[in-house]
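So you know, we letter chains A, B, ... as the sequences are listed, proteins then strands, and number each from 1.
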Amino acid sequence: MDKTEVAAVLEEIALLLELKGENAFKSRAYKTAARTLETLPEDLGRLVAEDRLGTVPGIGDALRQKITELVTTGKLAYHEKLRAEFPPGLFDLLDLPGLGPKKVKALYEQLHISDIAGLEAACREKKLESLAGFGAKTEANLLLSIEQRRSYQSQHRLGDVLDLAEDLVDTLRTHPDIHRVSIAGSLRRGKEVVKDIDLLASSAPEKAKGILDDFVALPQVTRILGHGGTKASVILADGLQCDLRVVPDRDFATALHHFTGSKEHNVALRQRAISKGMKLSEWGLFKTDKEGNEVEKLPIYTEEELFHELGLDPIPPELRENLGEIEAAEHGKIPRLVEWTELRGAFHNHTNASDGTATLEQMAAAAAGIGLAYFGLADHSKSSFQANGLDEARFETQLAEIAKFNANPDREIRLFSGVECDILKEGKLDFDDAFLAKFDYVVASLHAGFTKDEEEMTRRLTRAMENKYVTILGHATGRLLLRREGYPVHLDKLIDCAAETGTWIELNANPYRLDMDWRWWHKARDKGVKCVVSADAHRPSDLAYLKLGVTLARKGWLRKGDVMNTLPVGKMEEELKRKKGR
DNA sequence: GCCGTTTTCGGCCCGACTGTTTTCAGTCG
C-alpha cells in the first residue's frame with residue numbers, strides 16, 4: 001500500500017471511531033496521521049523498512065504498528081473489525097449536509113436507520129422527532145437534502161468526466177476502421193456539469209457494427225444499455241452513461257455539430273439555414289426548393305465549412321449556447337479565445353504550511369514542470385483554523401522562505417508571495433493593512449458565515465474588494481457543484497465593484513467550484529473586469545485544473561488579454577506593484 | 001492516540017450558526 005491508500009484507511013478509521021463515540025482526540029490523532037502521511041516528503045515504504053516511522057511527529061507506538069501492518073500486508077485487522085461493526089450505508093448518511101457522526105450514531109442505534117432509504121422513510125413518518133436533538137425542521141431539511149442528492153445523482157462534474165472521455169477517444173482513435181472520432185455534447189461545450197458522455201465516430205457504413213461491438217467490450221464498460229447498428233449506450237464506472245454514434249464520414253461534420261448542440265444553438269442555426277434557402281439537420285446541409293424539399297446535399301467536411309456556408313465565422317464549441325454567438329459570427333466579432341498554453345503563472349495555491357499536501361519547493365517544481373514562469377503562494381490566513389491557517393509570525397517565516405527561493409539565481413520559477421485572506425464579518429479582513437502590504441498580492445475569500453442574506457453577503461465582499469491591498473476576489477459564490485449551492489450574492493454588484501476598484505476576479509478551476517460561473521464573465525469582461533484562472537491547488541497534481549479553468553474562461557468569451565495570468569513575468573511584476581500603489 | 005512533562009496523566013484548535021432547547025449540542029468551515 002502506498003501512502004495515499006494508507007492515509008485513506010486512517011481517515012476511515014477516524015470516522016468509524018467517531019461513529020462509535022470514541023474519544024474525539026483519538027479520532028483526531030488518526031486524522032492528523034493521515035494528513036501527515038499525505039504530506040510526507042519521503043517514501044513511506046522506506047520509512048517502514050528502516051523502522052523510522054516513530055520519528056515522524058504525530059505517529060506514536062500504536063499508529064506505527066498499524067501503518068506498518070498496512071504497508072507490509074495491505075490490510076489492517078483493527079480496521080476490518082471496526083468496519084464490520086457498521087453497515088456500509090452509514091457512510092452515505094454522513095454525506096448529507098447537517099448529519100455528522102453523532103447524529104448518525106443516534107439514528108442507527110435508536111431507530112435502526114442504516115441507509116438513505118431508511119432515513120427518508122423515517123422522516124416521512126415523522127419518527128425522528130422522538131429523538132433528542134431532532135425536530136420537525138431537521139426532518140424537513142433532511143428530506144430536502146435527500147431529494148437534492150437524488151437529482152444530483154444523474155449528473156457529473158465536468159472535471160470528473162473529461163479525462164475519462166479523452167481516454168475513450170484516444171482508445172477509439174486507434175481503431176483501424178474509425179476515420180474520425182470526437183467528444184460531442186455538453187462535454188465538448190465545456191458545461192460545468194454533464195449528464196453523460198457523447199462520442200461520435202465516422203467509418204465506412206459496413207464497419208459501424210464491428211466498431212460498436214468493440215466499444216461495448218471495452219474494459220471501462222460496466223453495463224450495456226443498448227447496442228444497435230449505429231449507436232451503443234453503455235454505463236461506465238460511477239453510473240456514468242456514455243453513448244457512441246457511428247456515422248458515414250461524409251456526415252461527420254454536420255453530425256458533430258448537431259450532437260454538440262446546444263439545442264438552442266441548433267434551433268437558431270436551422271432557422272438561419274431556412275432563411276438562406278437551405279435545410280440543416282444531423283444528416284447534412286441541403287439546398288431546398290420553394291416548397292422546402294431537399295434538392296442538393298452540400299459537401300461539408302468540417303464544421304468550419306458548415307459555418308462558412310451559412311455566412312458565419314467558425315464558432316468554438318464552448319460558445320454554442322445561443323447567447324449571441326451567431327450574431328457575433330455574422331459580424332466577424334467572434335473573439336480569439338484564450339488558450340490554456342497561454343497561461344504564464346498561477347496565483348491561488350496552497351502548501352503544507354496550511355492545508356496543502358506539498359512543500360513550497362515541491363509546488364514550485366510542479367508549476368515549473370508544466371511550463372509556468374511564475375507561481376503565487378496563497379496559504380490560508382489565521383481565521384481558517386480548520387485549514388491550519390497561518391498567523392502573522394508563520395507568514396513572516398514563509399515570506400523569508402520565498403525571498404530566499406527567489407534570491408537563488410538558478411531557480412526555475414519566480415515565486416510571488418500571497419495570502420488567501422479570510423473575509424470576516426462586515427467585510428473586515430483577517431490581517432490589518434500594514435501586514436497585508438507585505439505580500440506581493442492578496443486573494444480575499446469567504447469561508448464562513450454563509451447564511452446571511454444577499455445584501456449583507458454582497459456588502460461583505462464589496463467592502464473587502466475596496467481594500468487597496470486586495471488584488472483578487474477568490475471563489476465569488478462559494479458553490480460546490482452537485483454538492484451545495486453558493487452563498488447568496490449579487491454578482492452584478494460584485495462585478496461593478498471589481499470594475500471600480502480594479503480588483504481581479506478569480507475563475508477558480510477546482511472541478512467542484514468553477515466559480516465565478518461562466519455565465520457572468522462576458523458581462524464582466526465588457527465592463528473591463530480582469531480574470532485570473534486559479535487552480536486553488538492543494539497538491540502538485542491539482543495544477544492540472546488550470547486547463548479546465550481555461551475551458552470555462554473560453555466559455556465565458558474571455559480572450560488572452562482578459563486573463564491576467566497570461567502576462568509574462570516582468571509585466572506581472574509591474575501590474576502587482578501598480579495595484580498595491582493605487 | 002499523541003505528546004510532554006511540574007514523568008505517567010491531562011490537555012489536545014476556533015467561532016459561527018442551526019435547531020433544538022430554555023442554555024446547549026452538533027455541524028461546518
Side-chain angles (χ1 to χ4, degrees), chain A residues 9-37 53-68 76 78-79 82 93-108 123 126 128-145 350 354-355 379-391 394 420-426 428 430 445-453 456-457 460 474-475 477-480 483-488 510 512-513 536 538:
Chain A
V9 172
L10 297 183
E11 284 280 0
E12 196 176 307
I13 291 175
L15 217 51
L16 288 163
L17 289 173
E18 286 188 66
L19 280 175
K20 255 180 96 106
E22 281 267 8
N23 181 344
F25 293 107
K26 182 168 166 179
S27 165
R28 185 184 295 170
Y30 278 91
K31 278 187 205 159
T32 311
R35 210 183 89 83
T36 307
L37 288 191
L53 253 186
T55 64
V56 178
I59 296 178
D61 244 6
L63 272 162
R64 181 179 54 79
Q65 282 176 23
K66 293 191 170 88
I67 294 169
T68 306
L76 177 61
Y78 177 68
H79 175 224
L82 268 178
L93 293 183
L94 284 169
D95 265 352
L96 292 173
L99 280 192
K102 299 266 172 54
K103 291 201 158 170
V104 169
K105 181 171 148 71
L107 290 169
Y108 177 54
C123 285
K126 308 210 176 298
L128 267 57
E129 292 173 40
S130 63
L131 291 187
F134 291 79
K137 197 124 188 192
T138 315
E139 281 173 340
N141 284 343
L142 284 173
L143 281 173
L144 201 69
S145 301
H350 298 272
S354 65
D355 61 348
D379 272 316
H380 288 283
S381 60
K382 58 188 175 186
S383 280
S384 275
F385 303 103
Q386 80 288 347
N388 191 24
L390 282 66
D391 60 12
R394 291 179 63 209
E420 182 177 16
C421 185
D422 267 307
I423 301 173
L424 310 176
K425 270 198 283 190
E426 282 128 37
K428 206 170 139 350
D430 208 6
S445 301
L446 209 48
H447 292 110
F450 290 0
T451 51
K452 301 279 188 253
D453 63 24
E456 184 161 354
M457 295 302 278
R460 279 172 77 185
H475 43 71
T477 74
R479 74 174 179 189
L480 295 179
R483 190 161 260 209
R484 106 180 157 210
E485 303 291 312
Y487 37 77
N510 182 294
Y512 278 85
R513 296 188 183 273
D536 198 351
H538 286 75

Original post:
Among all residues two or more places apart in sequence or in another chain, which pass the salt bridge (Lys or Arg N to Asp or Glu O under 4.0 Å) test with A:K20?
Top reply: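 A:K20: salt bridge (Lys or Arg N to Asp or Glu O under 4.0 Å) contacts with A:E85.
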Subject >> Residues which pass salt bridge (Lys or Arg N to Asp or Glu O under 4.0 Å) with A:K66, listed by chain and number, not counting sequence neighbours >> reply: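 Scan of A:K66 (salt bridge (Lys or Arg N to Asp or Glu O under 4.0 Å), adjacent residues dropped) gives none.
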Using atom names, set out every protein N or O paired with an N or O of nucleotides 12-18 of chain B below 3.5 Å, distance rounded to 0.1 Å.
{"from": "B:dC13", "atom 1": "O2", "to": "A:R28", "atom 2": "NH1", "distance (Å)": "2.9"}
{"from": "B:dC17", "atom 1": "OP1", "to": "A:K452", "atom 2": "NZ", "distance (Å)": "2.5"}
{"from": "B:dC17", "atom 1": "O3'", "to": "A:T451", "atom 2": "OG1", "distance (Å)": "3.2"}
{"from": "B:dT18", "atom 1": "OP1", "to": "A:T451", "atom 2": "OG1", "distance (Å)": "3.0"}

Original post:
For A:P101 and A:L19, which heavy atoms make the closest approach, and how far apart are they?
Top reply: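 Heavy-atom minimum between the residues: O-CD2, 3.8 Å.
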Subject >> Closest contact, heavy atoms only, A:R394 versus A:G389 >> reply: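 Closest approach of A:R394 to A:G389, heavy atoms only: NH1-O, 3.4 Å.
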Original post:
When you check every protein heavy atom under 4.0 Å of nucleotides 23-28 of chain B, what one-letter string (B, S, -) results, 5' to 3'?
Top reply: ---SSS
**OP:** Identify whether any heavy atom of A:K31 sits under 4.0 Å from a base atom; if not, whether one sits that close to sugar-phosphate; answer base, sugar-phosphate or nothing.
**Re:**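 The residue A:K31 makes no contact with any strand.
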Original post:
How would you label the contact of A:A140 with the nucleic acid (heavy atoms, under 4.0 Å): base, sugar-phosphate, or nothing?
Top reply: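 A:A140: no heavy atom of the nucleic acid under 4.0 Å.
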Subject >> A:K105 and A:Y108, any side-chain heavy atoms less than 4.5 Å apart >> reply: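 Not in contact.
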Subject >> Pair A:D61 + A:R64, salt bridge at N-O below 4.0 Å >> reply: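 Salt bridge flag = yes for A:R64 with A:D61.
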Subject >> Mutual orientation of the aromatic rings belonging to A:H538 and A:H350 [parallel < 30°, tilted 30-60°, perpendicular > 60°] >> reply: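 The arrangement is parallel - the two ring planes meet at less than 30°.
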Subject >> Short side-chain to backbone donor-acceptor contact, A:D430 and A:C421, under 3.5 Å >> reply: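 No, because the side chain of A:D430 does not come within donor-acceptor range (under 3.5 Å) of the backbone of A:C421.
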Subject >> From CA spacing to verdict: side-chain contact (heavy atoms from CB on, under 4.5 Å), A:L93, A:K103 >> reply: CA-CA 10 Å; A:L93 293 183; A:K103 291 201 158 170; over 6 Å; no
**OP:** Specify the residues of residues 128-135 of chain A, ordered by number, for which at least one heavy atom lies under 4.0 angstrom from an atom of DNA chain B.
**Re:**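 Under 4.0 Å from DNA chain B: A:G133, A:F134, A:G135.
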Original post:
Pick one for B:dT18: is it syn, with its angle within 90° of 0, or anti?
Top reply: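 Anti.
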Subject >> Partner set under side-chain contact (heavy atoms from CB on, under 4.5 Å) for A:K26, not counting sequence neighbours >> reply: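 In terms of side-chain contact (heavy atoms from CB on, under 4.5 Å), with neighbours along the sequence ignored, A:K26 is linked to A:L17, A:E22, A:N23, A:Y30, A:Y78.
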Original post:
Using the P atom in both, what is the distance from B:dC17 to B:dC13, to the nearest Å?
Top reply: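 Rounded to whole Å, the distance is 24 Å.
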